[in-house]
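Indexing begins at 1, ligand by ligand and atom by atom, following the structure's order.
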Amino acid sequence: MTKEIIAKTALSPSKLPGLDYALNPYRGCQHACVYCYAPSVIHWDKGIWGDLIEAKVNLPRILSKELRVKKKGVVGLGTVTDPYQQAEKKYEITRRCLELLLMHDFPVCIQTKSSLILRDIDLLKKFSNLEVGITLTTHDDSLREKLEPGASTVEERLHVLSEISKNGIKTWVFMGPVMPYLTDVEALMGTISMVKPDYVLVDKLRMKEGVKDSVSGFIKEFYPHLTEKYEDILSGEENYFLKILEAINKSCDTKIGAKYILYH
Ligand code: SF4
């Protein structure tokens, strides 16, 4: 279900690396990823995550006013929820925001798991400073379907990366969260090497409020043999991540030719 809401502001200051502002056209996210911690970031109290989406229908109007007075800076589009989730097909709020950002020549960084971004390639390629990040947590689409049921398939995301890159736009892969004992890091790096992103950001599983219950329910349902291992991880054991980083470190240089950056 989608509900139209009225936002009071558009650009908010961002503490994320490389970003000055955050811009989020939607509250709630139809991708419904198992490991999502956005509900704790926005203090979501409106039922099951993924069931209700709030579309900020007046956002372009507010953004238009703010862009006239704000100091120029990098805008992260979709820092909390995906700007190209299904609701965007109907509302086109992300697209209208991009038109305004282009008009004011603001640098933009977009992160998504949706192939709907290709709809806006005509706009994206006109920016003087814009980059697109695509999240990939696995090379295996059957795992992707369980982890990120509402998002585009692995193949569709690879297609997005290659199309965007063909159009001269800088791309990166957000490899996160790497799911312990589930993400086949070597295979994923091999998959990423086919699309040659400019860089790869790597993140671990973040144990924010709500994530533990969601992930442990997911493991019990689909991978019960990993229950014990995940109990350790969900209670804070992080050694698994060091091994993952070693594997990524080796593959990044040799297979992809791109650098990897740890996400903080
Ligand atoms: S795409 Fe991001 S915001 Fe949306 S459900 Fe997945 S992790 Fe959460």
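- Annotation for ligand 1: atoms under 4.0 Å from non-hydrogen atoms of Thr81 are 3 (S).
- Because the distance cut-off is set at 2.8 Å, Cys33 fails to qualify as a neighbour of atom 8 (Fe) of ligand 1, as none of its N, O or S atoms comes that close.
- Environment of CG in Leu242: crowded, with over 12 heavy atoms of neighbouring residues, nucleotides or ligands closer than 6.0 Å.
- Proximity of Asp20 to Ser14: side-chain heavy atoms (C-beta onward) are nowhere separated by under 4.5 Å.
- Looking at Thr153 and Asp141, their side chains never bring a donor and an acceptor atom within 3.5 Å of each other.
- Just one residue in the list Ser114, Pro149, Cys36 forms a side-chain contact (heavy atoms from CB on, under 4.5 Å) with His31, and that residue is Ser114.
- In this structure, Thr112 does not count as a contact residue of ligand 1, since none of its heavy atoms falls inside 4.0 Å of the ligand.
- Asp120 and Tyr84 share a donor-acceptor pair across their side chains, judged by distance under 3.5 Å alone.
- Put simply, Cys36 stays out of reach of atom 4 (Fe) of ligand 1, with no N, O or S atom under 2.8 Å from it.
- When ring centroids are compared, Phe127 and Phe106 stay outside the 6.0 Å threshold.
- For the ligand labelled ligand 1, residue Trp49 lies inside the 4.0 Å heavy-atom shell.
- Atoms of ligand 1 found under 4.0 Å from any heavy atom of Cys29, numbered from 1 in the order shown, are 1 (S), 3 (S), 4 (Fe), 5 (S).
- With a 4.0 Å cut-off on non-hydrogen atoms, Ala151 does not touch ligand 1 at all.
- Of all atoms in ligand 1, listed by their number and element, those nearer than 4.0 Å to a heavy atom of Val80 are 3 (S).
- Here the shortest heavy-atom distance to atom 2 (Fe) of ligand 1, taken over Glu148, Lys113, Gln111, His31, belongs to Lys113.
- For the pairing with Tyr26, the side-chain hydrogen bond (donor to acceptor under 3.5 Å, both in side chains) check across Glu88, Gln86, Glu54 returns one residue only, Glu88.
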